[in-house]
Protein chains: 2
Amino acid sequence: MLHTERRDTIIEILKTKDTASIHELVELTGASEATVRRDLSKLESDEQIKRIHGGASLSRRRRNEPTIAEKSSVNQWEKKKIAEAAASLLEPGECLFLDAGTTTLEMIPYLADRNLVVVTNGIPHVPLLLEKGIETYVIGGKGKQGTGALVGIKAIEALKEFCFDACFLGINGVHPVHGYTTPDPDEAVVKRTALDLAERSYVLADHSKINSITFANIGELALAEIITSDRLRDDERTNLKKYTDVKVVST
Amino acid sequence: MLHTERRDTIIEILKTKDTASIHELVELTGASEATVRRDLSKLESDEQIKRIHGGASLSRRRRNEPTIAEKSSVNQWEKKKIAEAAASLLEPGECLFLDAGTTTLEMIPYLADRNLVVVTNGIPHVPLLLEKGIETYVIGGKGKQGTGALVGIKAIEALKEFCFDACFLGINGVHPVHGYTTPDPDEAVVKRTALDLAERSYVLADHSKINSITFANIGELALAEIITSDRLRDDERTNLKKYTDVKVVST
DNA sequence: AAGTAAATGATTGTTTTTGAGTAAAATTGA
DNA sequence: TCAATTTTACTCAAAAACAATCATTTACTT
């Protein structure tokens with residue numbers, strides 16, 4: 001047995017049992033005690049497992065990973081509900097702008113078979129849109145590492161050649177005084193341009209974005225309707241409604 | 001057994017098993033241990049697999065993207081060599097157009113850290129380019145299902161705002177009389193436009209494309225230099241050379 | 001057809017991995 | 001606390017795997 005295979009086996013065993021004794025691992029891998037020990041040392045220094053006297057267990061980091069995944073899937077759930085609500089605001093045959101970002105990505109499943117035309121600046125969005133059979137246009141521009149968004153002067157120019165019935169933006173900061181903000185100035189300009197080109201504008205923001213401020217300003221709250229969830233505190237909700245329309249989605 | 005065949009076989013084996021020992025590979029390929037070792041070294045330096053003591057496993061990158069790996073598995077080795085040769089034709093700091101398609105996709109690893117500027121109409125290319133830290137521009141246009149290429153009048157217009165030192169096209173048909181052809185008329189126009197905008201133009205075509213004809217015409221052979229492999233028969237090679245420059249890559 | 005280049009398989013010495021043995025350290029139970 | 005037991009870390013020799021070299025075969029060129 002290859003040593004990598006053996007180490008994978010050990011990880012698999014630990015995944016099912018959480019802990020295992022040296023003796024068990026010797027039996028299950030068919031290797032000698034010394035070899036298993038060496039493997040455990042290696043795996044521990046790689047932070048894959050934690051050695052304990054007489055055996056090994058999954059490392060805290062590794063064991064916490066599913067917990068983190070669950071936690072983000074809670075956030076994911078909120079985003080999904082917001083995305084679903086946003087998509088429901090569209091009439092058949094409309095033309096919309098879909099901003100780059102993970103929240104707008106979640107809208108895609110709800111856009112299929114509705115005769116919509118989608119324009120986007122998010123590279124990761126395109127394969128999903130095409131897969132769903134949605135008519136998709138991509139604005140041009142410079143690709144930005146990390147988010148895969150298209151930005152820059154070319155993007156702005158290309159964007160200006162469209163008109164939209166609706167525009168859906170992902171936003172990092174929503175604040176009564178500082179308005180909508182996002183960390184990247186290049187992306188901010190694109191978002192603002194899209195806002196101006198659309199008949200109706202919507203900002204998708206889970207509760208963690210409300211009342212936070214990031215670097216680059218896009219514009220005041222009144223420019224768009226905010227779609228958020230009922231995980232937002234009541235007083236914050238009431239406060240926001242002084243400035244613009246707010247749609248609250250129940251999770 | 002041809003050595004390229006044998007290497008493809010090794011890849012296939014690893015695709016099903018994920019890891020394999022030297023002895024297994026010796027049995028399954030019928031080659032000697034020394035030869036298998038040499039193959040593994042080669043495949044590792046090409047970043048196709050990862051060698052481990054006693055055998056080999058699929059490289060991490062490849063395991064994460066099975067769809068692309070499978071898609072490009074037809075004549076994959078040949079395409080890779082053609083792509084490598086194509087990339088070697090670039091000087092530092094040049095600006096190039098990278099056409100959509102699987103062959104041009106293979107060029108990306110060879111473009112990193114060379115201060116190049118890449119303009120592309122291939123959506124699948126963008127994440128890879130950004131990942132390698134390459135300055136990347138995307139032309140706009142309508143997304144096409146299947147290939148993920150950007151086409152249409154918007155694409156043409158956006159394209160015309162650039163000038164290229166070099167342009168690399170994937171092509172489906174290369175024929176002395178009918179010239180370069182591709183199945184989709186929309187893509188054909190984009191390719192032709194790119195050809196006209198570039199100082200130097202290259203067509204990447206594995207041997208299966210030579211002397212075949214598909215639906216939409218792009219232009220005559222003289223418009224670009226052809227990069228193909230030594231799997232092309234000698235007489236076909238000689239014939240092609242009557243019409244344009246041909247670079248033959250050894251596999 | 002002769003010569004050249006490439007690929008292969010066998011052989012060599014070197015490195016890595018492994019398993020066993022042993023002394024030190026940790027754990028357990030009285 | 002102390003002794004008995006278990007677990008661990010370390011060393012060493014054997015085995016497996018490796019890289020490098022060389023002779024042979026195969027394929028290509030002129």
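Each chain gets a letter, A, B and so on, in the order the sequences are listed, and its residues count up from 1.
- Rounded to an integer number of Å, the gap from CD of E27(A) to P of dG19(C) is 15 Å.
- When the P atom of dT6(D) is taken as reference, atom CD of E24(A) falls 17 Å away, rounded to whole Å.
- Legend: residues meeting ring pair (Phe, Tyr, Trp, His ring centres under 6.0 Å) with H178(B), ordered by chain and number and at least two apart, are H175(B).
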Using side chain to side chain contact (heavy atoms under 4.5 Å, CB included), reason through L96(B) and F164(B) one step at a time and then give a plain yes or no. CA-CA 5 Å; L96(B) 62 133; F164(B) 309 111; 5.7 Å; no

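- One can place NZ of K42(A) at 16 Å from P of dA9(D), the figure rounded to the nearest angstrom.
- Between dG9(C) and T35(B), a contact under 4.0 Å exists linking OP1 or OP2 to a side-chain N or O.
- Taking the side chain to side chain donor-acceptor pair (under 3.5 Å) definition, one finds that K132(A) meets it with nothing, sequence neighbours left out.
- Under the rule for a ring pair (Phe, Tyr, Trp, His ring centres under 6.0 Å), Y180(B) has no partner lying at least two apart in sequence or in another chain.
- Under the rule for a ring pair (Phe, Tyr, Trp, His ring centres under 6.0 Å), H3(A) has no partner lying at least two apart in sequence or in another chain.
- End-to-end axis angle for the helix from dA1(C)-dT30(D) to dA30(C)-dT1(D), using five pairs per end and rounding to 10°, comes out at 40°.
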Contact state string [nucleotides 17-30 of chain D, B base, S sugar-phosphate only, - no protein heavy atom under 4.0 Å]: SSS-----------

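- The ring pair (Phe, Tyr, Trp, His ring centres under 6.0 Å) check on Y202(B) picks up F168(B), with sequence neighbours excluded.
- Residues satisfying the salt bridge (Lys or Arg N to Asp or Glu O under 4.0 Å) criterion with E131(A), sequence neighbours excluded, are absent altogether.
- The CG-C1' distance, from L40(A) to dA9(D), rounds to 13 Å in whole Å.
- Each side-chain hydrogen bond (donor to acceptor under 3.5 Å, both in side chains) pair with one or both residues in residues 117-127 of chain B, not counting sequence neighbours, appears once here: T104(B)-H125(B).
- Along DNA chain C, the nucleotide nearest to R6(A) and the one nearest to A31(B) differ in position, and the one closer to the 5' end is contacted by A31(B).
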